[in-house]
Each structure stands twice: as C-alpha cells, then as structure tokens.
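Note that this is a predicted model, so its numbers are computed, not measured. Both backbone and side-chain heavy atoms feed into the values below; hydrogens, waters and symmetry mates do not.
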There are 2 protein chains.
Amino acid sequence: MKASKATMTDVARRAGVSAATVARVLYNNGYVKEETRIAVKSAVEATGYRPNMVARGLRTSRSYTLGLVVSESRLNAFHPAVAHFVQMEALRQGYTVLTLNNNADSDMEAAGVRRFLDHHVDAVIFCSARDPRNVRIIAQNGIPTVQVERHIAHVGAVVTVDAHDGMREAVDHLYGLGHRRFAFIGGDVDSSNMEGNLDDAIEAVRERLFRENLARHGIDVPAANMLRAVYYDDSKPVRQPGYHLMRRLLALPERPTAVIFGSDLLAASGLQAISEAGLSVPNDISIIGYDDSMAEILTPALTSIAQPIGELGRLAVTMALAAIENSENAEPAISTVTRLVIRESTATVPNEGSE
Amino acid sequence: MKASKATMTDVARRAGVSAATVARVLYNNGYVKEETRIAVKSAVEATGYRPNMVARGLRTSRSYTLGLVVSESRLNAFHPAVAHFVQMEALRQGYTVLTLNNNADSDMEAAGVRRFLDHHVDAVIFCSARDPRNVRIIAQNGIPTVQVERHIAHVGAVVTVDAHDGMREAVDHLYGLGHRRFAFIGGDVDSSNMEGNLDDAIEAVRERLFRENLARHGIDVPAANMLRAVYYDDSKPVRQPGYHLMRRLLALPERPTAVIFGSDLLAASGLQAISEAGLSVPNDISIIGYDDSMAEILTPALTSIAQPIGELGRLAVTMALAAIENSENAEPAISTVTRLVIRESTATVPNEGSE
DNA sequence: CTGAAAGCGCTAACAC
DNA sequence: GTGTTAGCGCTTTCAG
C-alpha cells in the first residue's frame, strides 16, 4: 500500500512528454501548449506526484528549509511560542523548519548550528542565540541570519522589540494606582556572550526605561530595588530564577509595593516568594510580568507587558526569506512594539499604616 | 570570508586521491593504507570539509532528518519539553529534527506532514498527532512512525506511559493525608480523532485508575466529581481549560477536599478558580497536577504525577532509528512509568466542621 | 513549443 | 588498496 514514490520521469512518461516539460508546467516556466499542460496536470494527479525536495535541493542549492535556534524552551514559554509562529509562517511560505533548543548550552548550540550547515538550510533564525560565535559561523558560510528579540551578534538581520510603549504604560498604570515604592527584577546581562555595548542588551534597556519612566514622575529608585536574575547557571536553566531576589526585596526595610519583572517566568517564581511570606498579590503588592507568555494561567492572572509574539515569528520568517532572495542587499532591521495587558496582579497601593 | 564550500572532490584532489577513497576513510569502509588515510584526514582538516547531507540524501535515500509533530506547544509546557529531548537525542545520534506544532489543527498537521514527506524525512515522531489519518499517511509511504504518550492511530511504534504507579501513589498520598472526598478533572476523549477503543485513550485510563485506586480504599466517587475538560475548541486551544470545571466542583454541596487534574495546565487554571472563590491550596483543598511540566513554577508549587519527559523524548528517537535500520521488523511498543512528585499543593484534610 | 544532455555532491559496485 | 563509473531526481541551458 505504499503510496506512489512517483518520480518526475514517471509523470513525464505517463503524459508522453519529457521531464523538462513536466518541470515547465509545474513551475510555469516557458511556454507549454495548453494541450500538453493538461496532459501533464492529469498525469501529476494520477500518480500523486510530489517533488523530491532533496533532489531539488541538490540541483538548485536551495533546500527550502530554515534553521531555528531557540533557547531554554522548557520553563520559559516565550520561546516555544515564537517557534510556533515561525513554523506556521514557514509552512505557509513553502518552507520547513529545522528546530533546535540550545538549552542555554553553547556547545550544544554549536553542534546544532554545524548540523544546520550540513543540511544546507537556506537561513537561520535565532530566537536568542547563546553564543555570538554561532551566529557568525552561519554568516561566514554566506547564509542569512535573523536574530529575534535579543541580538547578541552584530551580523545579519534583526527583529527587535521596542520596549518603550509597554514600559511607559506599565509604570503609568502602577503610578496611577498610587504606587510610589517600586522595584525591578530583570534578567542578568551576560557580558561574556554579548558583542558590543552592554547597555544595548535588552535587559539593560528595560532597566533604563523603568528608571526613566519613574523619573518622569519624580521617583528615584534605590539601587537595592534594582535586581538582576540569572537565568542560566553553569549552562543549566535556573528553575525558579526570581524566587530569591523577590525574597530579598521583601526583606527590605521599605518594602516596595510594586514590582515589574523581566519575564513572566521571573514573575511566576517571584509569586512563590510573595506567597511564602504570607503576602498576597495584588492586595499587599502589585506585580507585572513581561512577555505575556504564561501570564494568563498564573494565579492571579498576571498583568504583563506583552511582546508581539506572533508578529515576531512571522517577521523573522519574512526577513529570512527576503534575505534568501537577494542576499547582497543590505541587512535590515525591523522593530515591533510592546503593550501592557492588564489583568489581576495589579491594584491600588495598600494603606500605608497597615504594615 | 565565506568559509569553504569544499566538496569531497576538492578534498580528494588536495590529498591526491579519488573521491571514493575520501569516502572510505570518512566512513571507515574497506581498507585504506595508513599513509593515505593520514593524507586524507589532513586534507579534510585543511579544507574544513563537511559532508553535504543533501547530496548524500539523494544518493542514499536517507535524509538524516526526523519529522516531529507536537501539539499545542504554547500554553502546555509538556510538548515543548518532549520536543527538547527529541532534538537533543537526535543531535547526538547524527540526526536533525524538522519540527511542527500542529496547534490542534488537523489541516495544519496534514500540510506539515505532507511537507515532511516532500523532504524525505527518515521517520516521524508524533507527540500527539491530532488526526490519525496524518499518521497513516506517513506509514503508507513506508516511513516509520513513533507515537509518544498518546497513540491515536494503530500503526507503527509507540512509546506509552504506564499511569499505574503515579496514580496509585497520588491516591495513597491524599488518602494518607486524611482526604475522603475526591474529584478528578481530566481531559476530554476526542472520539472523532481516535481509532479503536475509546476506553484505551489515556484520558480514560487515568480516570479509571483514579476510580480503581480509590475503590481500593473503599471510596466511591460520585459522577458529579468526575469531569472532563476540553483542551481544544474549534481547533483552537482553550486558554483556561480547567477553570470552569473547578468552579463547578466548588459549587457542589459536598465540596471535594482533594482534586487530581489530568495535566499541570488544567491544575493551573483550576487554581485560578479556587483562589477566586477565596479558598486556599493546600489549606482548604489539596490538588495534584499531571505531567510535572510546569508544576514547580506555580504557586503553590504543585504536587504532580510526573511523566518521564526526558525518557519519552529519548526513547522516541531510539525507536525511530531502530525502525529506520530494519523497517521490516515488527512494530514495537515500549512503556515508561510515572511517579508522584510531592510539593506544596497537598496537605492534611481541613477540619470537617470548619466550613 | 519541446526534448536531449549535463551535472549538483555523493556512494556503491566493479575494475585493476 | 585505490580509481573509475554510474546514477539518485531534479533543473537548466541549448538545440531544434
């Protein structure tokens, strides 16, 4: 019951033409008499012919596959979400995606990237490369790269997210609710794996925007309230990256009443520390996540600064395909925006005397 | 700066031998004089030669790629976790993985599977196919399939999970804590997409084991306490699949004191309903998740019946490769086990009079 | 408008 | 031990 492994020659024979003609009608190249076109089409139907992408790839040196590297896609739901949209869009555009989760391990990533090269992927999308060298290896082989959200290597195309709007909305939202004591738990900037200016790292930018927006309201945040969580420890993802830092905040003499986190995962683990301390969100403390990756299934459902996940995935594919078409063209950058999604983890500041 | 696109012939020329000899030393086939072996090796080094898997694939009709279909890998962390281990193991074994998230959409899945076929994947792993026909299409093309955890089509290899141990441990754990009023919120059995006996569906099995283990303690669970959640609504994932069902349980005249859920995702959304009702876990009610996919980052950290996620992923690859090697051999099945991971969502039953 | 022929990079059977 | 040859399925000149 093996379905046809019908080859192009099979189709050609059946239609009484040559393989070249079959190719012509399949890809609308050159002129074909209407009559033979019909004959070929029906032969294709009859045989259930499907092009062999491997043979095609060898001949055209286009594999119609994209490589996708995601990082830490187990606890952090952001990356699998982006991956999903990349896969959907690629499918729609006639591509297939080779996916690899680097799990925060540079060596793993290097091995995977090498493998992508062996399979002659047409482009590689990184939704957070772990090591800039791995991006460069691809680029050096003349293959387009697209870095999504976080770009740690200064090569190829990038799809960035402008954090301004979301952070402004978040700060204004909290300020409007009466909060005056703020804290921020962001991600650590991994200087060893970042090319160029560390201040351009997205984690650093988010911190800065947080401060700037509060400064607008005349609020200065003490250094003790600005913390950075390590997501990876010795190439292993940290399971509850926000837990200990949140405990530290809770132990502060002037406990903050509002905390913005650098990811929903960070907020989720912060929530554990808050609950453990016998405090409640949002009654005692308001918190805001980032990403909007798992905000809606936490308790309470998190107010979160949403990244445009679907757009990121789709744009990454679009840019990859554009780079494949005319690789000599400039390496473009495109930016998307964030917005605040308000749910149940933010409320009016608790009464001062109640402590 | 393009790194070498050195071909095998380039290496051969440089080493002063023929391509055939290069192949021989690369794959340890046949005898090669030590002297020439060294010459070839150094030529490989010098050129940075990497085999072209596309050409190799065409010649050998082995693409060294695996297809992987996962379902709903956005909110439910179970699938991306399995995917991660599949990718790791495949990488280790010299394979690369084409991944597709069907997102509960049969048509999407069909399109993706078709694409896998076009790319001549050597085998396809389904960590929950959406539609059995899509598994059959692969099988009909003579390509091995492996269904992981849930198997909805009666073809090919399967990696199942034996739910016995975990469910027994879970029930005993709760019973030991004094609980006598139980409830279960499992997943709905989608009869339209299931070949064969519906009672064999993993959701049905879990329900049955739940009842049987309680019967062992002389406890009979009323029908009103056995609920089934729909994960997909009109081919779209439901965002809070356990929320409404949990509300229903809370409205029961004899409210259960312990609930076992069919997944961590279900438990997470159940938690939202509990909290909304002003009740607390585990003081007022104990809950247990299933999968152990996101249990540890919820508040409270969930006691959960853990699926052996890493093992599932690795076994799936192992079985796929075995099937590729000798495809005429019988289609095997292998089973793994579950175990209870105790965290903070379970505690002694609350005092009866306290309601 | 259509067919013949070459060749992408590799492997496997067969010579020597 | 090693080279020669043919061909996987497709695309693309080049003839006609």
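Across the protein-nucleic acid pair, B:Arg62 atom CZ and C:dT11 atom P stand 12 Å apart, rounded to whole Å.
Mapped onto DNA chain D by nearest heavy atom, A:Thr7 and B:Thr21 fall at different nucleotides, with B:Thr21 at the one closer to the 5' end.
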Pairwise N/O distances under 3.5 Å, protein to nucleotides 4-8 of chain C:
residue : atom : partner : partner atom : Å
C:dG7   : N2   : A:Arg59 : NH1          : 3.0
C:dC8   : O2   : A:Arg59 : N            : 3.4

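Residues A:Ile152 and A:Ala129 come closest through the heavy atom pair CD1-O, 3.3 Å.
Dense packing is recorded around CZ of B:Arg37, with more than 12 heavy atoms of other residues, nucleotides or ligands lying under 6.0 Å away.
When each of A:Thr96, A:Val54, A:Leu98 is tested with B:His119 by the rule side chain to side chain contact (heavy atoms under 4.5 Å, CB included), just one qualifies, namely A:Thr96.
Partners of B:Glu35 under the side-chain contact (heavy atoms from CB on, under 4.5 Å) rule, at least two apart in sequence or in another chain, are B:Lys33. Residues forming a side-chain contact (heavy atoms from CB on, under 4.5 Å) with A:Ser192 (at least two apart in sequence, or on another chain): A:Asp190. Remark: B:Glu45 engages no residue in a side-chain contact (heavy atoms from CB on, under 4.5 Å) (not counting sequence neighbours). For A:Arg24, the side-chain contact (heavy atoms from CB on, under 4.5 Å) criterion is met by A:Ala20, A:Thr21, A:Asn29, A:Val32, not counting sequence neighbours.
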Output a table of donor-acceptor pairs, distance under 3.5 Å, between side-chain atoms of residues 308-317 of chain B and any protein atom two or more places apart or on a different chain; print 'none' if there are none.
none

Mind listing the side-chain donor-acceptor pairs of residues 55-62 of chain A below 3.5 Å, one per line with the distance, residues two or more places apart or on another chain?
residue : atom : partner : partner atom : Å
A:Arg56 : NE   : A:Tyr27 : OH           : 3.4
A:Thr60 : OG1  : A:Arg56 : O            : 2.7
A:Thr60 : OG1  : A:Arg62 : N            : 3.4
A:Arg62 : NH2  : A:Tyr95 : OH           : 3.1

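Listed by first and then second residue, the salt bridge (charged side-chain N to carboxylate O under 4.0 Å, His left out) pairs involving residues 82-101 of chain B are B:Glu89-B:Arg92 (not counting sequence neighbours). Within the structure, salt bridge (charged side-chain N to carboxylate O under 4.0 Å, His left out) pairs that include any residue of residues 96-116 of chain B do not occur (at least two apart or interchain).
A nucleotide of DNA chain D counts as in contact with chain B when one of its atoms lies under 4.0 Å from a heavy atom; the first and last such, 5' to 3', are D:dG1 to D:dG9.
The residue B:Val54 sits apart from the nucleic acid: no heavy atom pair falls under 4.0 Å.
Side-chain contact between B:Val159 and B:Val146: present, with at least one pair of heavy atoms (C-beta onward) separated by less than 4.5 Å.
Considering only side-chain N and O atoms, B:Tyr27 lies under 4.0 angstrom from the phosphate OP1 or OP2 of C:dT11. Listed pair B:Tyr64 / C:dC10 fails the phosphate criterion, with no side-chain N or O lying under 4.0 Å from OP1 or OP2.
With hydrogens and angles disregarded, no donor-acceptor distance shorter than 3.5 Å links the side chain of A:Thr160 to the backbone of A:Thr336.
Remark on the helix from C:dC1-D:dG16 to C:dC16-D:dG1: inter-end axis angle 50°, axes from five-pair C1' superpositions, rounded to 10°.
A heavy-atom distance below 4.0 Å to DNA chain C is reached by none of the residues of residues 32-41 of chain B.
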